[in-house]
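Reviewing the structure listed below.
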Amino acid sequence: MRGYIGSRMAHSAISMVGLVVLVFFLARLTGNPVDIYLPIEASAEARTAFSEAHGFDDPLIVQFWHFVRDLARLDFGMSLRQDRPVLDLVLAAFPTTLLLALCAMFIALVVAIVSGALAAQRPNGVLDRFVNVISLAGASLPNFWLAIVAVLVFAVGLRWLPTSGTGGFVHWILPVMVLSVRPCGLIAQVVRGSMISAMSSAYVKTARAKGVRRTTIIFVHALRNAMLPVITVAGDQATGMINGAVVVEVIFGLPGIGKLMIDSIQYRDFAMVQGGVIITAVAIFALNIAIDLSYALLDPRIRYS
Amino acid sequence: MTGNNRHLVEVRNLSVEFHTQDGTVQAVRNVSWHIDRGETLAILGESGSGKSVSSSALMGLIDIPPGRITSGEVLYRGEDLLKASYERQRELNGSKIAMIFQDTLAALNPVYPVGWQVAETFRAHGVGHKEADSRALELLERVELPNARARFNDYPHQFSGGQRQRIMIAMAIALDPDLLIADEPTTALDVSVQARILRLLKDLQRERGMGLLMITHDLGIVEGLADRVAVMNGGEIVETGPVGQVFNAPEHAYTRNLLNAVPGRQGFPASAPSDERRDTLIAVRELSKGYPSSSRSPVVMALDRVSFTLARGETLGVVGESGSGKSTLARTLLGLEKASNGTASYKDRDMLQPTSSDRTVLQRQIQMVFQDPTASLNPRMTVEEIISEPWAIHREILPKKDWKGRVGDLLEQVGLSREHAQRYPHQFSGGQRQRIAIARALALQPEVIICDEAVSSLDVSVQAQIIALLKSLKDEHGLSYIFIAHDLPVVRSFADRVLVMRKGQIVEQGRTEDLFTNPQHPYTRELLQSDPVLGGPVAA
Amino acid sequence: QDKSGDITIVLSSAVDVVEPCHMNSTGYIGQVLKANVVETLTRMDPATSEIKPNLATEWKQIDPQTWQIKLREGVKFQDGTDFNADAVVAALDRQFSPELQCRDTIRLFAKTTIEAKALDPHTVEIKTSAPMPLMPTTLSQIGMTAPGTSTTEATKSPVGTGPYTFTSWDPASNLVLTRFDGYWGDKPQVRQATYVWREEPALRASMVKVGEADLGLQIAPQDVDPQMDVGYLNADTSRIRIFMDKAPLDDVRIRKALNLAFDRSAFVGTIMSPDALPASQYMLPSVSGYDDSLKPWPYDPEQAKALVEEARADGVAVDTPIDLFGSQFMQANLDEMLQTLVQGWQEAGLNVQIRMVDKIQHSAMRRKPYPTDRGPTMVHELHDNTAGDAFFTMMVYYTSEGALSNISDPKLDAVLEEASVSTGDKRRSLFQQANRTIQQDVVPDIMLFHMVSYMRIGPRVSFKPDFTTGGQLELAAISLK
Amino acid sequence: MSTIVTPGSRPNRSAVHRYLLLLWHDKFATAAVMFLLLVFFAALFGPALFESASNRINLLARNAPPLSFQHGWTFILGADSLGRSILLRLIVGAQNTMLLAASAVVCSLLVGSFLGFIAGYRNDWTSAVIMRVADVVMSFPSLLLALIVLYVLTPGIANVILVLAITRIPIYLRTTRAEVLEVRERTFVTAARIMGASPRRLIWRHIRPTVTPTLITIATLEFAFVMLSESSLSFLGLGIQPPAFTWGAMVAQGQSYLSTAWWVAFWPGVAITLTAMSLNLFANWLRIVGDPVQRWRLESRKKTS
Ligand SMILES: Nc1ncnc2c1ncn2[C@@H]1O[C@H](COP(=O)(O)OP(=O)(O)OP(=O)(O)O)[C@@H](O)[C@H]1O
Ligand SMILES: Nc1ncnc2c1ncn2[C@@H]1O[C@H](COP(=O)(O)OP(=O)(O)OP(=O)(O)O)[C@@H](O)[C@H]1O
Ligand SMILES: [Mg+2]
Ligand SMILES: [Mg+2]
């Protein structure tokens, strides 16, 4: 097991290098930041001066060398737009995103697993149809729609919650709810699907013969066997959130990594993009390692060499 | 509990049918029987005659739909279980009525440790976690699971067939049920273990007055254990009565048939011209296989320097203690497990690390019938697809247009019918699935078939038919078999030579006749001694 | 603590830069800093577009390239240093620091350089490398930062002479200004202002509605509630620029047809807000040089069609597809506006395709050197002239040399050249003349609307926005109820 | 044999007929198929019939509410912000929407599951390479990818499909691989392997049928997601440009009218959800039909004796 983790980390390090190289060179194909940072009227001289000041006129390979050299000292560079160290900005934004993702995934998983597993007890039954419709609607509702409607209803109409912003616990309720809807719908569907097969297995009969409670049969015996695709899909959704719950962050004014990355990409703040990608990739790679390990934990027949 | 009722459990007029794509299958028709406290009822009968289905009905384990209980009642101390609420049924299951399932690999949850699963029976009926664990461990030791403490947290797939069966038994007897339904509980156990397990059951019966419903095809067990016997055929009970009466004066033609088919009563194989020099097909030298120690358990040497040869046209019987490495031997020869040491060759081709061209030959010429037939059949394929799969893989054997007919022939040869071709594995009984697996192995017409407990779930008459089939193939096509079995009479009647295994080692090997008449190793002697037919206390 | 003087303002985009030398080029910096933290030497009166004293009390032009400025006395920076001639020189020099790449400087001075020196503690002399008749206007856009401000790095806590000190700033979530007690002028009512930002217009509207904020900027026209929302011309004028180099756009009849083929008034109150004004020139009516006599192009589909047919008859390739570039970030409802225009042109017989592009591509389309591999091209764009003089529009957009111009018309160049060095009425009338020529004869663009923004004003405060609000939001002008 | 088969109440009907019958027994699935047919025909003939009518701008009918007939029956669902009939736009938009979403989903499904089968089956260095590349794709910001495609390739529908497909490949890949890891350890796969079945056959005949239902479930849910995210690319200039449009673009357009004219975003949202839901119901039906252990659910209903 330990050997496996070790080799996985080594492989991930190689992927990380590939990712960084890709991002570095490909991002620079997407236009020159001068066009955004200087006023449109700027003269050619001003534009050249800007490029020189930020090293954009060096050959790409030289720019890359500088980047790597700084990175080796854990210097991720300065944000072109904000003129602050990239690392500070990313590390400031990341906890918000992580917290959002964790809370939303937790809620989504709990709700989805319970409803999906119960729905699978009688495929095409009333509960199943109900869960089906709700979860599908949840999985296909646009986030912005949900977010705005939620604000209009809970903050403006009922005045139960603040509209947006950071602050106490109450500020997180709406964003987390909105964010959990799609993963919840998606996961519920996957749970339902794989639970249907699991419930018709022979070991479920054995459990019944032992007199095990129905809830235990469902949530202990069948569910664990049905979990493989569920955690995969949940992992994908979590990855999406780590990459940034952009809509939710933007609408609710939560300063997360998603918003930061979107802005940086739009403003061609290359150093930020690189720094952000590295940090999120670390989290995503770690998540994927955790998921792969959990396969083996969930199903002892799966072993990694 | 109504005291005025005479019987512990009484089944009246039970009929069960299944819906299938081709119409309705009447699995059980108007079956009635009863068991009293401390009594043992044995149900004998043809494979597929409805034994398992009728007993599952008792515990509410039939899937309804597609199954349907069309008539009858099941009275447990006067209470009709078919009408009981789910919660009531749950209360009784496990604590008052328990069942040992036929197919142990599928019946155990693959993702939980076995100890946990045994302890669950206690927990489900209100015992605390700690106590449940310690009692579960006690039980596992009682059913002679080797190294029980160390292997408490191992998973079902890490155990041998017989070990799993003992785990199932432990689970069933955990709470001293009033009624124990044992569906082929000892098919994977070697005779000495089997004898001790049966004694355990008997003790329980005596101590607690447990009623025992024994489903088996082993007439030796029936004779030794049962008070009364019911014979089923075609979903009906055709004959019932005290054991002695039925065995000595069978009334029904089917019962007579059954009793006559018992192996071992017919002497030694007539066919074996065993001294003739024949070319060696498989040569195994010093083969070892150890399973790496998991968290707690020590390294298991499943195979310990095993050497033997198999000649063309020969049947090599492999007998031995449950968990002695027989299945592992088969799996290692087929390359499913990596050998730790040693060599094995088939006609001078390396079997353990074959080149890709060698592998094609090996796959074509060596087939296997797995110990767990259910798991070895793809649940999403029809029987026809399953049996014709070898032809789909090796196109040269049979043109596609002949598949259907050939599948039908094979099904009939193994005692099934042509109509079964369109059904799916889950719609069959345990013995029927085993025969489907045999039919598939035969389909390829290989040179060697490794049968791992291939006939263990078959009633004696079908068993006899299958053995006869295998023999005739051997005579006609020169097939060779490695025949792993616990049923010594069957081995004696079929094998030319026999290996005896224990703790991963071959303790003795020799010609069948010599071995059975003049066993050398003490373990072999013990084994022969324990056999109810050959040497045991109830030998005829 | 008394919170009654504290207000919250919700902006439409994050304040992640607070460098005062970009404050006229980047709206939100100006909205936060200008006239609140950092003051300018002069100021423009929005009502009349006249330049008024501020930190400077008087100014005079010694010769075409020299200006003398008299400073207000008794003014202190928020950090306690004195505001005097040396401070002004430092602030002006800072504006030209190469490390800072001040956007305002790039816009205001182009290639002109200046040399400032203190004549006495309260007089500054500025020499310019080229004549700058608009020096007072220019000075209304340059922030006077404290001498201690770094000249090599963008400041993150600007210090000025304004009525509010820069108190705290979390680029991720908010920014706070607090009243500066040592302010030289009148004491404003608002004690403390917290700026937050939400990109979604509905959210900004909601926040004011539920009382989480007192002022909400950039309310979407469709969310407008007349009870709370005030509309104002935001200084932006939208137009479609025509690249007049390729057929059929090189034919003036086609350019006229493009202007005639749709009904500007039908947009008002539908896609555009009801207060939007159809435009005839690329500047607000309040800008000096605007010609009142010019009317927006009328809606005359018949004539448009006729012009197209006429051109077709003369062999102009009128069917060539014309690419119309736009970028979503420019204006709300842009998509809808362009689609409606395209339908009008289609009816007139012209084939225009909408091409939405990314910000950078859009900028690259708009400025010289223009991309060469393109067909007949038009670009949608916005422009705001808050300085109040036509110069800031005309030279860039309508002269041959202009960085954003597609015209090369020597006669027009001559008029504009003369206007730019003239003053007073002559200057105004020359610009007006140029505007007439442009609209009537050259037709280098399809002038659309003077745009309107809405601000939502909460019940606790009162405020009257005007066209400068997009670039500065004076807290002192906010009164509490 | 011992069991009695009551002679088939089922005469030898053709396979098509049999499946139709099975479909008929699931009323929800029947309705779903009808709806999908409707969408299909709309996609096929919609543009030819209503293309110009759906693009006719009429500012007088701007945001006309649903059920207002003064502009004609085509305005039964109301009008959008340019006064165009929402109904007609739904019909005409079906073509582009389906083309785009279906191609993107199918591409990522095929590529993702193909790679997933390889990665799961081989579980050696090929698997490691595939999985680490997937990690990179998961961590690569999708907006940046979109921009790169935009700058490097010429804008066009194919490129939107490319972007959408690439970013969604990992979910299919990881799901497939996880399932394969488990299924390939089952005895029936082993049994087929020692019969000499080629990896291709093992995967196709034995592993795939177990994995497919989960993949299809995910794909149907992804469908809605892809339809919505496509519109977020079009503002960059990637994708379908007006006057062409998709349902996703219609939803995006209605976003700013949520609080004043909900129907502008609502109906296309409903269309997307209904399509996803129909696909999902149909997939559920397929799952049951394809699983012999479950199939009785659709069969037994016809003979409630
Ligand atoms: N789900 C099902 N659908 C259709 N037929 C079924 C189903 N389950 C069992 N059967 C049929 O019911 C009959 C009785 O099966 P059962 O399992 O009771 O046999 P059995 O007597 O236990 O045989 P064995 O000794 O082989 O285990 C068999 O013929 C089998 O084919
Ligand atoms: N995957 C595994 N991990 C650890 N131990 C294993 C594993 N598989 C088998 N064993 C152990 O190896 C030994 C030999 O098992 P094998 O299945 O070969 O026995 P067997 O002779 O076939 O027994 P039976 O007659 O009960 O089927 C047993 O003790 C078993 O517990
Ligand atoms: Mg059975
Ligand atoms: Mg075995």
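Order of the sequence lines fixes the chain letters, A, B, ..., with proteins taken first and strands second; residue numbering starts at 1 for each chain.
- Between atom CD1 of residue Ile194(D) and atom CG of residue Leu334(B) there is a gap of 4.5 Å, rounded to the nearest 0.5 Å.
- With a 4.5 angstrom heavy-atom cutoff, Leu377(B) touches chain D only via backbone atoms.
- Of all residues in residues 104-121 of chain D, none places a non-hydrogen atom less than 4.5 angstrom from a non-hydrogen atom of chain B.
- Contacts of Arg440(B) with chain D are made by side-chain atoms alone, with heavy-atom separations under 4.5 Å and no backbone atom involved.
- The two atoms that bring Pro379(B) and Phe188(D) nearest to each other are CD-CE2, 3.6 Å, heavy atoms only.
- Using a 4.5 Å cut-off between heavy atoms, Ile386(B) does not touch chain D at all.
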Run the salt bridge (Lys or Arg N to Asp or Glu O under 4.0 Å) test on Arg205(D) and Glu385(B) for me, step by step, so that the C-alpha distance in whole Å, both residues' side-chain angles and the decisive distance to 0.1 Å come before the verdict.
CA-CA 10 Å; Arg205(D) 286 289 285 157; Glu385(B) 287 169 324; 3.6 Å; yes
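- With Gln363(B) contributing its side chain and Arg193(D) its backbone, the two residues share a donor-acceptor pair below 3.5 Å.
- Of all non-hydrogen atoms in Ser376(B) and Ala191(D), the two that sit nearest each other are O-CB, 3.8 Å.
- Interface remark: of the candidates His394(B), Arg359(B), Glu389(B), Glu389(B) forms the most heavy-atom pairs closer than 4.5 Å to chain D.
- With hydrogens and angles disregarded, no donor-acceptor distance shorter than 3.5 Å links the side chain of Arg186(D) to the backbone of Ala375(B).
- In the displayed structure, Arg122(D) atom CZ is contacted under 6.0 Å by at most 12 heavy atoms of other residues, nucleotides or ligands.
- Contact of Arg380(B) with chain D is made through backbone and side chain together, with heavy-atom distances under 4.5 Å.
- In the displayed structure, Phe35(D) atom CZ is contacted under 6.0 Å by more than 12 heavy atoms of other residues, nucleotides or ligands.
- From Thr187(D), atom OG1 reaches atom CD of Gln371(B) across 10.5 Å, with rounding to the nearest 0.5 Å.
- The most heavy-atom pairs under 4.5 Å with chain D, out of Met381(B), Glu17(B), Glu412(B), Gln427(B), come from Met381(B).
- Scored by the side chain to side chain donor-acceptor pair (under 3.5 Å) test, Glu185(D) finds no partners at all (sequence neighbours excluded).
- Residue contact with chain D, scored on non-hydrogen atoms closer than 4.5 Å, involves the side chain of Gln367(B) exclusively.
- Of all residues in residues 162-173 of chain D, none places a non-hydrogen atom less than 4.5 angstrom from a non-hydrogen atom of chain B.
- Listed by chain and residue number, nothing satisfies the side chain to side chain donor-acceptor pair (under 3.5 Å) test with Ser142(D) (two or more places apart in sequence, or in another chain).
- Most heavy-atom pairs under 4.5 Å with chain D: of the set Leu444(B), Val28(B), Asn378(B), this distinction falls to Asn378(B).
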